[in-house]
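All remarks here apply to the structure that follows.
Scope of the values below: all heavy atoms of this structure, side chains included, with no hydrogens, waters or symmetry mates. Order of the sequence lines sets the chain letters (A, B, ...), proteins ahead of strands, with each chain counted from 1. Just so it is clear, the model here is predicted, and its values are computed rather than measured.
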Protein chains: 2
Amino acid sequence: MEQYIELLKSNKIKVTPQRLAIVELMDVHGHISVRDIFAHIKANFPSLSLATVYKNINAMVESSFIKELKIVGQDAKYELIKEEHSHMICKNCGKVDDIILETNAIVTSASEISNYNIDESSVQLLGLCPDCQ
Amino acid sequence: MEQYIELLKSNKIKVTPQRLAIVELMDVHGHISVRDIFAHIKANFPSLSLATVYKNINAMVESSFIKELKIVGQDAKYELIKEEHSHMICKNCGKVDDIILETNAIVTSASEISNYNIDESSVQLLGLCPDCQ
DNA sequence: CTGACTGCAAACGTTTTGCACGGTA
DNA sequence: TACCGTGCAAAACGTTTGCAGTCAG
């Protein structure tokens, strides 16, 4: 709890119960959609408005401490920004898992081949998770 | 033209002027949004309906000969499926370019580390294109 | 105390749907 | 000719906005 308060404060965002609930849920779930954030929090906090969730998520993305994850065939999900990592996505159940991979080689290679100045990469690996195989 | 007719026929999709215009535009542009498809074709084909564009794109995705490309901060784009490739995206102007990269190493590595059965990867490299540097 | 945040309702833009007509095979 | 595709209008979504009341700092 204290950690979430600090996270918000260090990003100069006012601390409110709604915001704490959002970052806590994101931290626990790893990746979560707006729909799921709303459903989960609303259960224990009935006055919550969807508009508030949207406003806060947009503000947090703006402040660059959460980021949006777009996945083909799924709603956008949001996650707290921590160490850089890639995502594995199950084509059957939709589960998303983090994995830390060495992606420098790809970025370097792309920089050499093209004239782009690349400073960020997004790697998604699609397949079947252990449970769905 | 003949090639586009073949493409549709080989996917058991009836050939219509609207569909030919869509696949031709996609082939020429590489990656294009629904909005842009509609705008471009409508110019020479005023009776075209947006609903038709949506219905056809969905059918083509369903038939797996085009695919949806989701990019953070942009509308979804669609492209014909050809050889596997990665995408470089300009953070300034939004341009998307294809690049062929060796991604087997990453897939292999992820397969070894995790218990996922991975058969597809999506790599997006973000930065500045030559014109925007 | 003051400005920012919340919840509500309305507005908006995008995508989907149902239906009558028209075109492909 | 029979069926599928098209265009239109309406409906269904997801997301954003404006506003009045409330709360955090």
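Evaluation of the side chain to side chain donor-acceptor pair (under 3.5 Å) rule for B/Glu102 yields B/Asn104 as partners, not counting sequence neighbours. Among residues two or more places apart in sequence or in another chain, the side chain to side chain contact (heavy atoms under 4.5 Å, CB included) test is passed with B/Asn56 by B/Gln18, B/Arg19, B/Ile22, B/Thr52, B/Met60. Among residues two or more places apart in sequence or in another chain, the ring pair (Phe, Tyr, Trp, His ring centres under 6.0 Å) test is passed with B/His40 by B/His29.
Clustering ILVMFWY residues whenever any of their side-chain heavy atoms sit less than 4.5 angstrom apart, transitively, puts B/Ile89 in a cluster other than the one holding A/Leu69.
Among residues at least two apart or in separate chains, there is no ring pair (Phe, Tyr, Trp, His ring centres under 6.0 Å) pair with a member in residues 104-133 of chain B. Pairs passing the salt bridge (Lys or Arg N to Asp or Glu O under 4.0 Å) check and including a residue from residues 109-119 of chain B, sequence neighbours excluded, read A/Lys91-B/Asp119. Among pairs with a residue in residues 87-112 of chain B, those fulfilling ring pair (Phe, Tyr, Trp, His ring centres under 6.0 Å) read B/His31-B/His87, B/His85-B/His87, at least two apart in sequence or across chains. Within the structure, salt bridge (Lys or Arg N to Asp or Glu O under 4.0 Å) pairs that include any residue of residues 63-74 of chain A do not occur (at least two apart or interchain).
Summarising the geometry, the separation between CD1 on A/Ile37 and C1' on D/dG14 is reported as 14 Å, rounded to the nearest angstrom. Protein atom CG of A/Asn56 is 14 Å distant from nucleotide atom P of D/dT17, rounded to whole Å. Counting to the nearest Å, the P atom of C/dC5 and the CD1 atom of A/Ile57 are 15 Å from each other. In this structure, B/Phe38 places its CZ atom 15 Å from P of C/dG13, rounding to the nearest Å. At whole-Å resolution of the value, NZ in B/Lys12 and C1' in D/dG5 are 19 Å apart.
Contacts between residues 41-53 of chain B and DNA chain C, defined by a heavy-atom separation under 4.0 Å, are made by B/Leu50, B/Ala51.
Remark on DNA chain C: of its neighbouring residues B/Asp75 and A/Lys55, the 5'-side contact belongs to A/Lys55, judged by nearest-heavy-atom nucleotide.
Phosphate contact (OP1/OP2 of C/dG23, side-chain N/O of B/Gln18, threshold under 4.0 Å): absent. Within the structure, a side-chain polar atom (N or O) of B/Asn58 is placed less than 4.0 Å from OP1 or OP2 of C/dT16.
Judged purely by atom type and a 3.5 angstrom limit, A/Ser63 has no side-chain atom pairing as donor or acceptor with the backbone of A/Phe65.
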Each nucleotide N or O in nucleotides 20-25 of chain D that has a protein N or O under 3.5 Å away: list the pair and distance.
unit_1: D/dA24; atom_1: O3'; unit_2: A/Val15; atom_2: O; d: 3.3
unit_1: D/dG25; atom_1: OP1; unit_2: A/Val15; atom_2: N; d: 3.4

